[in-house]
Peer 1: 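Below is the structure I would like to discuss, written out as structure tokens.
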Amino acid sequence: MDYNHRSIEQKWQTFWAQNQTFKTAESTDKPKYYVLDMFPYPSGAGLHVGHPLGYIASDIFSRYKRLKGFNVLHPMGYDSFGLPAEQYAIQTGQHPAITTEVNINRYREQLDNIGFSYDWSREVRTSNPDYYRWTQWIFIQLFNSWYNKDADKSESIDTLINRFKSEGSQGVSAESDEDISIFTAEEWNAFPEEDQQRELLKYRLAYLRESTVNWCAALGTVLANDEVINGVSERGGYPVEQKKMMQWSMRITAYADRLLRGLDTVDWPDPLVEMQRNWIGKSVGASVIFPLTPKGGIEVFTTRVDTLFGVSFVVLAPEHELVDALTTEAQRSAVASYLAKTAKKSELERMADTKTVSGVFTGSYARHPITGDDVQIWIADYVLAGYGTGAVMAVPSGDQRDYVFAKHFNLPIIPISDSQNIEEQADPTKDGRYINSDFINGMTYQEAVSAVIAKLEALKLGKAKVNFRMRDAIFGRQRYWGEPVPVYFKNGIPYLIKEEELPLLLPEVDKYLPTETGEPPLARAEGWKYQDQYEYELSTMPGWAGSSWYWFRYMDPQNQDIFVSKEAVDYWKAVDLYIGGSEHATGHLLYSRFWNKVLKDLGFHQEEEPFKKLINQGMIQGRSNFVYRVLDDEGKGTNQFVSLGLRDQYNTVPLHVDVNIVFNDVLDTEKFKTFRSDFADAEFILENDKYICGTEVEKMSKSKFNVVNPDDIIETYGADTLRLYEMFLGPLEQAKPWNTNGIEGVYKFLRKVWRLFHDAEGNFSVSDEEPTKAEYKALHKIIKKVEDDIERFSFNTSVSAFMICVNELTELKCNKRRILQDLIIVLESYAPHITEELWILLGNQAGTISYAVYPKFNPDYLVESEFAYPVSINGKMKLNLSLALDLDAKAVEEIVIGNADVQRYLDGKAVKKLIFVKGKIINIVV
RNA sequence: GCCUAGGUGGUGGAACUGGUAGACACGCAGGACUUAAAAUCCUGUUCCCGUUAAGGGAGUGCGGGUUCGAUUCCCGCCCUAGGUACCA
């Protein structure tokens with residue numbers, strides 16, 4: 001019988017499902033290993049061949065770990081709340097839950113076709129009430145917590161309340177809003193309940209406050225910073241404006257430092273770690289106050305407090321709160337027109353236009369904190385309201401932007417270092433000694449920083465300060481298809497609904513659009529009131545809420561009492577290997593780390609970091625094919641199409657052609673005639689009797705006719721071929737275009753594997769004879785190679801090694817059971833269906849290959865046979881002198897140390913090092 | 001601009017700590033089997049010179065350097081991809 005992937009794969013997928021072969025239990029002596037995929041959003045388009053890349057890699061790793069004796073947790077689920085289902089609902093009126101269900105079933109079918117070893121009994125769906133009940137529960141924990149800086153962790157809000165009751169706000173060191181009040185215990189206890197609640201809100205990790213948000217009118221919702229790309233929405237590309245709104249937020253900035261420190265402890269790709277570092281954006285510097293007359297001052301943040309004596313003016317962002325108060329009558333009209341001008345500029349224009357220098361003098365002066373000299377106060381849009389204090393001290397000699405500004409407006413430029421060169425541009429050097437700098441003249445950089453900070457602190461006009469670029473995360477969305485926030489309002493104060501009242505179910509609405517008055521869709525829910533009288537929160541949670549803790553739920557998916565039991569989380573701890581795309585660097589991966597830390601602080605588990613090791617799989621791009629339509633003299637399309645190589649001789653226009661009717665860039669001209677009705681009478685100008693198509697790498701999309709559905713590949717070649725081929729395509733992390741040019745080779749390989757177990761007539765036939773040394777050598781090479789490759793995630797090189805191995809065994813006509821059985825165990829993780837089939841043909845029990853023992857590598861098989869290369873065993877080098885005979889001893893002039901045998905051969909001379917390549921000595925180091 | 005990754009045949013890519021560059025696969029060319037096709041197998045395939053050959057030369061983005069030896073390490077430059085951006 002020939003290799004028939006269709007019957008084999010169908011049979012085993014059914015068997016695995018019926019026998020729950022990959023169901024995972026906690027009760028075992030085996031060490032645990034947790035392999036996680038980033039769960040997909042089930043979109044209407046289904047999976048294309050790019051999606052499974054990371055899933056195949058994680059499945060190979062999971063299966064490999066099982067063979068290595070680990071108890072592997074490898075679950076899958078769906079991130080099923082999200083915008084596309086809602087958009088579809090708006091257009092069609094169909095409930096998003098229905099579309100989502102349909103899409104999930106489609107995804108499941110496609111995933112099953114690939115033969116993954118998921119434990120489906122642990123599936124989670126974020127839009128399922130049994131799941132989002134716990135997302136709401138976690139929100140409650142966040143609302144009930146505050147960050148205690150003294151303990152450097154989050155605590156129950158009760159500890160803060162007790163403290164207020166007994167000692168007032170004195171001595172509390174918390175991550176909080178800026179505008180907290182100062183009060184004694186007596187005052188606190190005398191506060192009305194509502195004032196107490198308002199004050200506590202400034203400390204909670206989940207809090208409500210007025211903030212500037214990215215408002216997208218077209219989508220009718222606010223967006224997080226990472227959902228806005230270049231001033232337009234990531235989804236849909238609609239314009240986004242800044243707007244002040246009352247919003248739920250998450251105090252992620254409280255964890256900024258811990259999020260940063262944690263990055264040193266995880267095994268993640270460098271670019272990803274770097275992205276998160278930049279996103280958090282820690283700057284160490286100082287805050288300095290420039291006093292105003294008669295009272296008050298302008299606070300600025302600087303990373304170069306040592307340049308304080310080079311300050312020649314202060315600049316405020318146009319949105320700065322003091323702008324109005326500081327504008328003098330003489331300057332009022334100039335300032336007003338400048339503000340009007342900048343307000344008109346969109347965020348996008350303001351960022352793009354970094355070359356034009358613009359600004360306006362307020363007419364007012366601040367005092368230099370140390371010298372007391374007058375310092376002009378300017379307004380300019382190169383200062384951002386959202387970063388630092390929205391004001392900067394300008395040091396033109398040390399900062400290029402300040403330099404350009406000073407030159408343009410003819411403001412003084414004061415050199416402050418003896419090694420500065422400021423003829424052409426600012427010079428931020430820290431190397432020299434200070435000049436023109438009062439009491440720090442002659443000091444070095446380090447000395448100056450501490451001296452200036454000490455002086456500012458003594459004057460109470462500044463202090464050392466750490467500033468972060470990261471902002472608190474906006475948590476509310478004015479959408480329907482998300483988790484309801486478990487909050488109701490009484491007298492304008494938010495209160496939590498009780499834990500035992502969860503889940504707070506998403507109410508039914510007649511339409512999924514915002515109301516005419518601009519309220520979120522949930523306002524349409526009739527009679528939806530807490531205890532029939534209190535308004536619920538009408539916004540829902542953002543897309544990242546459900547995905548910020550899902551790895552816990554897989555550990556204990558059915559638990560009705562808690563989001564994850566202590567026993568389960570003590571056993572599985574954290575994710576050992578996480579595979580997914582780098583596009584989640586500053587979103588999901590950051591929020592997940594944040595929630596993980598909060599839940600740790602509150603005592604629900606022990607792990608500071610949720611994902612120990614992380615691998616980014618590269619995106620698979622589409623590879624579009626083009627035909628070239630010949631144009632007539634008037635530039636109109638004819639029915640003639642010219643092959644790629646000859647198109648220069650004609651006037652042509654390229655047209656996308658469906659990649660599914662192109663093979664190895666050769667067009668199937670018959671199928672092309674049926675591709676579009678107007679191509680029915682197409683004529684072709686061929687080269688070498690073929691029509692060659694042009695190619696281009698683009699994003700995979702329906703409109704470009706370059707989408708390849710994994711189901712089609714599986715139908716033709718089988719899931720094992722798809723799995724091997726996706727790995728064979730190149731390094732996992734690398735982005736690469738999909739093409740099927742090499743898939744035949746992989747398919748051929750599997751047929752060769754099949755034939756090793758079958759005789760010329762196609763009958764199953766293996767021998768129980770003792771294998772030869774050459775056969776053992778071929779086997780042990782692959783045992784070692786695959787082990788090494790999988791451990792370093794180099795799956796593509798394994799596939800090549802498999803091909804070499806099978807070619808060798810075919811050459812040797814090897815049909816020895818002892819060799820072949822071990823071979824398929826090694827191959828199992830890559831091609832589970834064919835190996836399972838061969839496993840039972842060898843007389844083993846069905847379903848057991850996944851839990852077989854990975855063969856043990858024995859280096860002797862590689863060494864004894866022919867000394868192909870020097871092999872170090874227990875630190876000693878084995879050499880075969882007969883092979884070293886043709887070395888060129890003339891090159892050796894002086895020999896120092898070396899192997900005794902080699903010494904004897906080389907007339908008693910000794911060498912430092914012999915360089916062998918494939919059995920020959922190619923060089924001697926003396 | 002800054003940060004990160006990368007640049008190797010006609011193509012995807014290999015070379016894991018410096019050691020015969022181009023494994024493996026695709027494609028292409030030629031051949032075997034077959035009435036024929038499919039399937040399978042064999043041979044060749046970095047480029048240039050050389051009638052086939054023997055043989056020689058060049059070669060891992062460009063220019064230098066370290067080394068007996070560099071795709072690999074160092075310096076400078078060019079290009080590509082991803083991230084980020086008046087972040088004080």
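Residue numbers begin at 1 in each chain, while the letters A, B, ... track the order of the sequences.
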Peer 1: In whole angstroms, how far is the P atom of B/C3 from the CG atom of A/L272?
Peer 2: 19 Å

Peer 1: Partner lookup for B/G1, please. Criteria are Watson-Crick or G-U wobble with both distances under 3.5 angstrom; report none if nothing qualifies.
Peer 2: B/U84

Peer 1: Give the rounded distance in Å between these two atoms: CD of A/Q425 and P of B/C86.
Peer 2: 20 Å

Peer 1: With no hydrogens and no angle check, just 3.5 Å: does a side-chain donor-acceptor pair link A/D720 and A/Y725?
Peer 2: no

Peer 1: Identify the pairs formed between an N or O of the protein and an N or O of nucleotides 30-32 of chain B at a distance under 3.5 Å, and give each distance.
Peer 2:
none

Peer 1: Heavy-atom nearest nucleotide on RNA chain B for A/D788 versus A/T302: which residue maps closer to 5'?
Peer 2: A/D788

Peer 1: Going by the rule side-chain contact (heavy atoms from CB on, under 4.5 Å), which residues pair with A/S765 if we only count those two or more places apart in sequence or in a different chain?
Peer 2: A/D759, A/N815

Peer 1: Whole angstroms only, please: what is the CH2-C1' distance between A/W279 and B/G82?
Peer 2: 15 Å

Peer 1: Mind checking the P distance from B/A54 to B/U46? Whole angstroms is fine.
Peer 2: 14 Å

Peer 1: Suppose we define a pair by two distances each less than 3.5 Å, Watson-Crick or G-U wobble; what does B/G10 pair with here?
Peer 2: B/C26

Peer 1: Could you list the residues that satisfy side-chain contact (heavy atoms from CB on, under 4.5 Å) with A/E670, not counting sequence neighbours?
Peer 2: A/D668, A/K673

Peer 1: Any N/O pairs under 3.5 Å between the protein and nucleotides 12-15 of chain B? List them or say none.
Peer 2:
unit_1	atom_1	unit_2	atom_2	d
B/G12	O2'	A/L729	O	2.8
B/G13	OP1	A/Q734	NE2	2.6
B/A14	OP1	A/N796	ND2	2.9

Peer 1: Assess the side chains of A/D381 and A/T342: does a donor N or O sit below 3.5 Å from an acceptor N or O?
Peer 2: no

Peer 1: In whole Å, what is the span from the CG atom of A/N278 to the C1' atom of B/G82?
Peer 2: 13 Å

Peer 1: Can you confirm whether the side chains of A/S794 and A/T797 place a donor and an acceptor under 3.5 Å from each other?
Peer 2: yes

Peer 1: In Watson-Crick or G-U wobble terms, both distances under 3.5 Å, what is the partner of B/A15?
Peer 2: none

Peer 1: Using the C1' atom as the point on both nucleotides, what is the distance between B/U11 and B/U20, in whole Å?
Peer 2: 25 Å

Peer 1: Please state the C1' separation for the pair B/C62 and B/G50 - nearest whole angstrom.
Peer 2: 31 Å

Peer 1: Would you check if the distance from the ring center of A/H758 to the ring center of A/Y3 is below 6.0 Å?
Peer 2: no

Peer 1: In terms of the angle between their ring planes, are A/Y717 and A/Y747 parallel, tilted or perpendicular, with boundaries placed at 30° and 60°?
Peer 2: perpendicular

Peer 1: For B/A70, which nucleotide in any strand shown is its Watson-Crick or wobble partner with both distances under 3.5 Å?
Peer 2: none

Peer 1: What protein N or O atoms touch nucleotides 37-41 of chain B N or O atoms at under 3.5 angstrom, if any, and at what distances?
Peer 2:
unit_1	atom_1	unit_2	atom_2	d
B/A39	O3'	A/R751	NH2	3.4
B/U40	OP1	A/R751	NE	3.4
B/U40	OP1	A/R751	NH2	2.3

Peer 1: Using only heavy-atom distances, determine whether the side chains of A/Y387 and A/S283 contain a donor-acceptor pair under 3.5 Å.
Peer 2: yes

Peer 1: Of the listed nucleotides (B/C86, B/G83, B/C24), which one gets closest to any side-chain atom of A/M275?
Peer 2: B/G83

Peer 1: According to the Watson-Crick and G-U wobble definitions, with both distances under 3.5 Å, which nucleotide is paired to B/U20?
Peer 2: none

Peer 1: Quote, to the nearest angstrom, the C1' distance that separates B/U72 from B/G22.
Peer 2: 15 Å

Peer 1: Is A/R593 positioned over the aromatic face of A/W268, cation under 6.0 angstrom from the ring centre and no more than 45 degrees off axis?
Peer 2: yes

Peer 1: Is the ring centre of A/F409 less than 6.0 Å from the ring centre of A/F313?
Peer 2: no

Peer 1: Quantified in whole Å, what is the P atom distance between nucleotide B/G13 and nucleotide B/A88?
Peer 2: 38 Å

Peer 1: Please report the distance, rounded to the nearest Å, between NZ in A/K282 and C1' in B/U84.
Peer 2: 20 Å

Peer 1: For A/D789 and B/C16, what is the distance between atoms CG and P respectively, to the nearest whole Å?
Peer 2: 12 Å

Peer 1: Checking all strands, does A/N807 fall into the base, sugar-phosphate, or nothing category for heavy-atom contacts under 4.0 angstrom?
Peer 2: sugar-phosphate

Peer 1: Would you name the heavy atoms of A/F728 and A/N796 that are closest together and state the gap between them?
Peer 2: O-CB, 4.1 Å

Peer 1: Can you list the residues that meet the salt bridge (charged side-chain N to carboxylate O under 4.0 Å, His left out) rule with A/E583, with sequence neighbours excluded?
Peer 2: none

Peer 1: Both distances under 3.5 Å, Watson-Crick or G-U wobble: report the partner of B/U35, or none.
Peer 2: none

Peer 1: Give a yes/no on whether any side-chain N or O of A/R469 is located under 4.0 angstrom from OP1 or OP2 of B/A85.
Peer 2: yes

Peer 1: With rounding to the closest Å, how many angstrom separate the P atoms on B/C26 and B/A39?
Peer 2: 12 Å

Peer 1: A/Y387 side chain N/O closer than 4.0 Å to the phosphate oxygens (OP1, OP2) of B/A88?
Peer 2: yes

Peer 1: Checking side-chain polar atoms at under 3.5 Å, does A/E299 have a donor or acceptor matched by the opposite partner on A/S287?
Peer 2: yes

Peer 1: Sticking with atom C1', work out how far B/A58 lies from B/G9, rounded to a whole angstrom.
Peer 2: 14 Å

Peer 1: Between A/N616 and B/G82, is there a contact of a side-chain N or O with OP1 or OP2 at under 4.0 Å?
Peer 2: no

Peer 1: Considering only the P atoms, how many Å lie between B/C73 and B/U80, rounded to the nearest integer?
Peer 2: 23 Å

Peer 1: Would you say the side chains of A/S397 and A/Y403 form a donor-acceptor pair under 3.5 Å?
Peer 2: no

Peer 1: Rounded to whole angstrom units, what separation is found between the CZ atom of A/F802 and the C1' atom of B/A23?
Peer 2: 16 Å

Peer 1: Taking the chi torsion of B/G9, is it syn (within 90° of 0) or anti (everything else)?
Peer 2: syn

Peer 1: Please state how far atom NE2 in A/H320 lies from atom C1' in B/A88, giving the value in whole angstrom units.
Peer 2: 13 Å

Peer 1: Could you tell me which nucleotide pairs with B/G76 by Watson-Crick or G-U wobble geometry, both distances under 3.5 Å, or answer none if nothing does?
Peer 2: B/C62

